[in-house]
Amino acid sequence: MSDDTYTHGHHDSVLRSHRWRTAENSCGYLLPRLTPGMRVLDVGCGPGTITRDLAALVAPGQAIGIDRAGDIVAQARAEGAEGVHFQQADVYRLPFGDDTFDVVHAHQLLQHLTRPVDALREMRRVAGAHGLVAARDSIYGSFRWSPDSPALEDWLDLYVAVTRRNDAEADAGRYLKAWAREAGFANVEYTSSTWTFANPETCRWWGDLWADRATSSDFASQAVDYGLADAARLGRIADGWRAWADDPDAALIILHGEVIASG
Ligand SMILES: C[S@@+](CC[C@H](N)C(=O)[O-])C[C@H]1O[C@@H](n2cnc3c(N)ncnc32)[C@H](O)[C@@H]1O
(Lines give C-alpha, C1' and ligand atoms only; values in the text may rest on other atoms or scores of the structure.)
Protein backbone atom coordinates (compact mmCIF):
# COMPACT_ATOMS: atom_id res chain seq x y z
CA MET A 1 0.00 0.00 0.00
CA SER A 2 1.14 3.56 -0.64
CA ASP A 3 2.39 5.54 2.33
CA ASP A 4 0.37 8.73 1.66
CA THR A 5 -1.08 10.16 4.86
CA TYR A 6 -4.88 10.32 4.76
CA THR A 7 -5.82 13.59 6.48
CA HIS A 8 -9.18 12.55 7.89
CA GLY A 9 -8.76 8.96 9.12
CA HIS A 10 -11.85 6.90 9.92
CA HIS A 11 -12.95 8.20 13.33
CA ASP A 12 -16.73 8.03 13.89
CA SER A 13 -16.94 11.83 13.42
CA VAL A 14 -15.57 11.38 9.88
CA LEU A 15 -17.75 8.39 9.04
CA ARG A 16 -20.90 10.25 10.12
CA SER A 17 -20.21 12.51 7.15
CA HIS A 18 -19.22 9.76 4.70
CA ARG A 19 -22.22 7.57 5.53
CA TRP A 20 -24.60 10.38 4.60
CA ARG A 21 -23.36 10.28 1.00
CA THR A 22 -25.46 8.82 -1.77
CA ALA A 23 -25.03 8.56 -5.54
CA GLU A 24 -27.69 11.26 -5.83
CA ASN A 25 -26.03 13.82 -3.51
CA SER A 26 -22.42 13.01 -4.48
CA CYS A 27 -22.23 11.92 -8.12
CA GLY A 28 -25.25 13.39 -9.89
CA TYR A 29 -22.97 14.38 -12.79
CA LEU A 30 -22.30 10.67 -13.48
CA LEU A 31 -25.81 9.25 -13.13
CA PRO A 32 -27.01 9.98 -16.72
CA ARG A 33 -24.04 7.91 -17.97
CA LEU A 34 -24.94 4.76 -16.02
CA THR A 35 -26.87 1.94 -17.69
CA PRO A 36 -28.00 -1.50 -16.49
CA GLY A 37 -25.37 -4.21 -16.81
CA MET A 38 -22.35 -1.94 -16.41
CA ARG A 39 -19.31 -2.96 -14.37
CA VAL A 40 -18.28 -0.15 -12.00
CA LEU A 41 -15.19 0.29 -9.83
CA ASP A 42 -15.44 2.78 -6.93
CA VAL A 43 -11.94 3.68 -5.72
CA GLY A 44 -11.40 5.06 -2.22
CA CYS A 45 -14.92 3.86 -1.44
CA GLY A 46 -14.80 4.42 2.35
CA PRO A 47 -17.90 2.96 4.05
CA GLY A 48 -19.38 2.24 0.61
CA THR A 49 -22.73 4.04 0.68
CA ILE A 50 -22.10 5.48 -2.79
CA THR A 51 -20.78 2.12 -4.06
CA ARG A 52 -23.98 0.37 -3.00
CA ASP A 53 -26.09 3.00 -4.79
CA LEU A 54 -23.98 2.63 -7.93
CA ALA A 55 -24.47 -1.16 -7.81
CA ALA A 56 -28.24 -0.71 -7.62
CA LEU A 57 -28.18 1.74 -10.56
CA VAL A 58 -26.27 -0.64 -12.84
CA ALA A 59 -28.08 -3.86 -11.77
CA PRO A 60 -27.83 -6.57 -13.01
CA GLY A 61 -24.27 -5.31 -13.44
CA GLN A 62 -21.79 -5.11 -10.60
CA ALA A 63 -19.94 -2.55 -8.50
CA ILE A 64 -16.65 -3.20 -6.73
CA GLY A 65 -15.49 -0.82 -4.00
CA ILE A 66 -11.82 -0.68 -3.07
CA ASP A 67 -10.12 1.22 -0.27
CA ARG A 68 -6.57 1.24 1.10
CA ALA A 69 -7.83 0.95 4.70
CA GLY A 70 -8.67 -2.64 5.68
CA ASP A 71 -10.88 -1.63 8.64
CA ILE A 72 -13.20 0.50 6.50
CA VAL A 73 -13.37 -2.22 3.83
CA ALA A 74 -14.51 -4.66 6.55
CA GLN A 75 -17.21 -2.19 7.65
CA ALA A 76 -18.38 -1.67 4.07
CA ARG A 77 -18.50 -5.42 3.50
CA ALA A 78 -20.52 -5.99 6.70
CA GLU A 79 -23.37 -3.87 5.34
CA GLY A 80 -23.71 -6.16 2.29
CA ALA A 81 -25.91 -5.51 -0.74
CA GLU A 82 -26.88 -7.10 -4.02
CA GLY A 83 -24.29 -6.84 -6.81
CA VAL A 84 -21.58 -5.19 -4.72
CA HIS A 85 -18.22 -6.41 -3.52
CA PHE A 86 -15.55 -4.66 -1.40
CA GLN A 87 -11.84 -5.36 -1.22
CA GLN A 88 -8.69 -3.74 0.13
CA ALA A 89 -6.52 -2.24 -2.60
CA ASP A 90 -4.47 0.83 -3.45
CA VAL A 91 -5.51 3.17 -6.25
CA TYR A 92 -1.90 3.38 -7.45
CA ARG A 93 -1.79 -0.41 -8.06
CA LEU A 94 -5.28 -1.64 -8.82
CA PRO A 95 -5.49 -5.46 -8.80
CA PHE A 96 -7.42 -5.61 -12.08
CA GLY A 97 -6.48 -6.10 -15.70
CA ASP A 98 -6.54 -3.48 -18.42
CA ASP A 99 -9.99 -2.65 -19.82
CA THR A 100 -11.92 -4.29 -16.96
CA PHE A 101 -14.55 -1.66 -16.08
CA ASP A 102 -17.14 0.45 -17.86
CA VAL A 103 -16.87 3.15 -15.18
CA VAL A 104 -14.10 3.88 -12.67
CA HIS A 105 -15.32 6.37 -10.07
CA ALA A 106 -13.61 8.25 -7.22
CA HIS A 107 -15.41 10.57 -4.80
CA GLN A 108 -13.21 12.78 -2.60
CA LEU A 109 -10.13 10.63 -3.10
CA LEU A 110 -7.75 12.58 -5.33
CA GLN A 111 -7.58 15.50 -2.86
CA HIS A 112 -5.89 13.14 -0.38
CA LEU A 113 -3.17 11.79 -2.66
CA THR A 114 0.40 12.90 -3.19
CA ARG A 115 0.25 11.66 -6.83
CA PRO A 116 -3.27 12.28 -8.18
CA VAL A 117 -2.17 12.14 -11.82
CA ASP A 118 -0.59 8.70 -11.30
CA ALA A 119 -3.86 7.60 -9.68
CA LEU A 120 -5.83 8.84 -12.69
CA ARG A 121 -3.45 6.99 -15.04
CA GLU A 122 -4.08 3.78 -13.13
CA MET A 123 -7.85 4.38 -13.19
CA ARG A 124 -7.57 4.97 -16.95
CA ARG A 125 -5.71 1.68 -17.40
CA VAL A 126 -8.49 -0.41 -15.82
CA ALA A 127 -11.22 1.58 -17.62
CA GLY A 128 -9.52 1.06 -20.97
CA ALA A 129 -10.23 2.83 -24.23
CA HIS A 130 -14.02 2.56 -23.93
CA GLY A 131 -14.54 3.08 -20.21
CA LEU A 132 -15.28 6.30 -18.31
CA VAL A 133 -13.27 7.69 -15.41
CA ALA A 134 -15.27 9.97 -13.11
CA ALA A 135 -13.93 11.99 -10.17
CA ARG A 136 -15.39 14.62 -7.85
CA ASP A 137 -13.39 16.60 -5.30
CA SER A 138 -14.09 19.58 -3.14
CA ILE A 139 -12.43 22.99 -3.42
CA TYR A 140 -11.73 23.90 0.20
CA GLY A 141 -10.61 27.42 -0.66
CA SER A 142 -14.13 28.11 -1.94
CA PHE A 143 -16.03 26.87 1.12
CA ARG A 144 -18.14 29.84 2.26
CA TRP A 145 -20.42 30.24 5.22
CA SER A 146 -22.64 32.73 6.97
CA PRO A 147 -22.54 34.35 9.47
CA ASP A 148 -18.87 35.39 9.40
CA SER A 149 -16.77 33.44 11.88
CA PRO A 150 -13.09 33.96 12.72
CA ALA A 151 -13.05 30.44 14.21
CA LEU A 152 -14.18 28.91 10.90
CA GLU A 153 -11.62 31.01 8.97
CA ASP A 154 -9.03 29.59 11.38
CA TRP A 155 -10.36 26.06 10.78
CA LEU A 156 -9.94 26.49 7.03
CA ASP A 157 -6.39 27.88 7.40
CA LEU A 158 -5.45 24.96 9.64
CA TYR A 159 -7.09 22.38 7.37
CA VAL A 160 -5.15 23.64 4.36
CA ALA A 161 -1.91 23.71 6.38
CA VAL A 162 -2.37 20.07 7.47
CA THR A 163 -3.09 18.90 3.92
CA ARG A 164 0.01 20.77 2.68
CA ARG A 165 2.09 18.88 5.24
CA ASN A 166 0.59 15.69 3.80
CA ASP A 167 1.59 16.85 0.31
CA ALA A 168 -2.10 16.72 -0.69
CA GLU A 169 -4.20 19.33 -2.56
CA ALA A 170 -7.19 20.67 -0.61
CA ASP A 171 -8.36 22.52 -3.75
CA ALA A 172 -8.23 19.34 -5.88
CA GLY A 173 -11.61 20.09 -7.45
CA ARG A 174 -10.05 23.07 -9.27
CA TYR A 175 -7.41 20.92 -10.91
CA LEU A 176 -9.34 17.86 -12.08
CA LYS A 177 -9.47 18.99 -15.69
CA ALA A 178 -5.72 19.68 -15.79
CA TRP A 179 -4.89 16.42 -14.00
CA ALA A 180 -7.09 14.36 -16.35
CA ARG A 181 -5.43 15.94 -19.38
CA GLU A 182 -2.00 15.27 -17.89
CA ALA A 183 -3.01 11.64 -17.26
CA GLY A 184 -3.51 11.28 -21.02
CA PHE A 185 -7.29 11.25 -21.51
CA ALA A 186 -8.47 12.35 -24.96
CA ASN A 187 -11.93 13.49 -23.78
CA VAL A 188 -12.36 15.53 -20.61
CA GLU A 189 -15.67 17.04 -19.45
CA TYR A 190 -15.45 19.33 -16.43
CA THR A 191 -18.44 20.46 -14.34
CA SER A 192 -19.12 21.62 -10.79
CA SER A 193 -21.77 21.19 -8.11
CA THR A 194 -22.39 22.15 -4.51
CA TRP A 195 -23.58 20.82 -1.21
CA THR A 196 -25.56 23.45 0.68
CA PHE A 197 -26.44 23.15 4.36
CA ALA A 198 -28.89 25.79 5.56
CA ASN A 199 -31.67 24.23 7.61
CA PRO A 200 -31.30 23.79 11.39
CA GLU A 201 -31.00 19.99 11.25
CA THR A 202 -28.30 19.81 8.57
CA CYS A 203 -26.34 22.72 10.10
CA ARG A 204 -26.46 20.99 13.50
CA TRP A 205 -25.32 17.70 11.95
CA TRP A 206 -22.45 19.29 10.01
CA GLY A 207 -21.40 21.64 12.84
CA ASP A 208 -21.34 18.83 15.42
CA LEU A 209 -19.42 16.44 13.24
CA TRP A 210 -16.77 19.03 12.38
CA ALA A 211 -16.57 20.10 16.03
CA ASP A 212 -15.81 16.47 16.89
CA ARG A 213 -13.40 16.11 13.96
CA ALA A 214 -11.53 19.20 15.17
CA THR A 215 -10.71 17.55 18.48
CA SER A 216 -10.91 13.77 17.96
CA SER A 217 -10.07 12.73 14.37
CA ASP A 218 -6.75 12.14 12.61
CA PHE A 219 -6.94 15.76 11.39
CA ALA A 220 -6.66 16.89 15.03
CA SER A 221 -3.80 14.54 15.92
CA GLN A 222 -1.90 15.42 12.73
CA ALA A 223 -2.33 19.16 13.43
CA VAL A 224 -0.79 18.65 16.87
CA ASP A 225 1.94 16.23 15.69
CA TYR A 226 2.99 18.66 12.94
CA GLY A 227 3.24 21.51 15.46
CA LEU A 228 0.51 23.44 13.64
CA ALA A 229 -2.03 23.63 16.51
CA ASP A 230 -2.44 22.92 20.18
CA ALA A 231 -5.48 21.63 22.07
CA ALA A 232 -6.63 25.17 22.88
CA ARG A 233 -6.74 26.19 19.19
CA LEU A 234 -8.57 22.98 18.25
CA GLY A 235 -11.03 23.62 21.08
CA ARG A 236 -11.74 27.14 19.78
CA ILE A 237 -12.36 25.72 16.30
CA ALA A 238 -14.76 23.11 17.73
CA ASP A 239 -16.60 25.81 19.70
CA GLY A 240 -16.76 27.88 16.50
CA TRP A 241 -18.47 25.06 14.59
CA ARG A 242 -21.01 24.56 17.38
CA ALA A 243 -21.71 28.30 17.63
CA TRP A 244 -22.17 28.46 13.84
CA ALA A 245 -24.66 25.55 13.97
CA ASP A 246 -26.62 27.29 16.76
CA ASP A 247 -27.08 30.46 14.72
CA PRO A 248 -30.51 30.66 13.02
CA ASP A 249 -28.81 32.41 10.08
CA ALA A 250 -26.30 29.57 9.55
CA ALA A 251 -25.62 28.53 5.95
CA LEU A 252 -22.70 26.73 4.30
CA ILE A 253 -21.84 26.20 0.64
CA ILE A 254 -19.34 23.52 -0.38
CA LEU A 255 -18.14 23.72 -3.97
CA HIS A 256 -16.89 20.67 -5.89
CA GLY A 257 -15.22 20.18 -9.25
CA GLU A 258 -16.13 17.07 -11.28
CA VAL A 259 -14.62 15.39 -14.28
CA ILE A 260 -15.69 12.64 -16.65
CA ALA A 261 -12.79 11.50 -18.79
CA SER A 262 -12.31 8.85 -21.47
CA GLY A 263 -10.04 7.77 -24.27
C1 LIG B 1 -12.74 11.22 1.89
S2 LIG B 1 -12.85 9.45 1.90
C3 LIG B 1 -14.10 9.22 0.65
C4 LIG B 1 -14.87 7.95 0.83
C5 LIG B 1 -16.01 7.76 -0.19
N6 LIG B 1 -15.53 7.82 -1.55
C7 LIG B 1 -17.08 8.79 0.05
O8 LIG B 1 -17.10 9.81 -0.64
O9 LIG B 1 -17.87 8.61 1.00
C10 LIG B 1 -11.35 8.96 1.05
C11 LIG B 1 -11.09 7.45 1.13
O12 LIG B 1 -9.95 7.17 0.29
C13 LIG B 1 -9.18 6.16 0.92
N14 LIG B 1 -7.82 6.20 0.38
C15 LIG B 1 -6.82 7.07 0.69
N16 LIG B 1 -5.72 6.79 -0.03
C17 LIG B 1 -6.03 5.73 -0.81
C18 LIG B 1 -5.31 4.97 -1.77
N19 LIG B 1 -4.03 5.25 -2.06
N20 LIG B 1 -5.94 3.96 -2.40
C21 LIG B 1 -7.24 3.66 -2.10
N22 LIG B 1 -7.97 4.33 -1.19
C23 LIG B 1 -7.37 5.35 -0.55
C24 LIG B 1 -9.28 6.47 2.41
O25 LIG B 1 -8.98 5.34 3.21
C26 LIG B 1 -10.74 6.94 2.53
O27 LIG B 1 -11.60 5.90 2.91
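Atoms within a ligand are numbered from 1 in the order they appear, just like the ligands themselves.
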**Asked** Do the ring planes of W155 and Y140 sit parallel (below 30°), tilted (30 to 60°) or perpendicular (above 60°)?
**Response** tilted
**Message:** Given the ring of Y92, does R115 sit roughly above its face, with NZ or CZ under 6.0 Å from the centre of the six-membered ring and within 45° of the axis?
**Reply:** yes
**is_close_aromatic(W210, F143), centroid dist under 6.0 Å** = no
**Message:** Could you check whether any side-chain N or O of D102 sits under 3.5 Å from a backbone N or O of R39, counting only pairs where one atom can act as donor and the other as acceptor?
**Reply:** yes
**Asked** Using the ring of each side chain (for Trp, its six-membered ring), is H107 parallel, tilted or perpendicular to W195, with breaks at 30° and 60°?
**Response** tilted
**Asked** Within the distance-only criterion (no hydrogens, no angle test), does the side chain of R125 pair as donor or acceptor with the backbone N or O of L94 below 3.5 angstrom?
**Response** yes
**Atom-level proximity to ligand 1, residues with heavy atom under 4.0 Å** = S2, Y6, H10, H18, R21, G44, C45, G46, I50, D67, R68, A69, A89, D90, V91, H107, Q108, L109, H112, L113
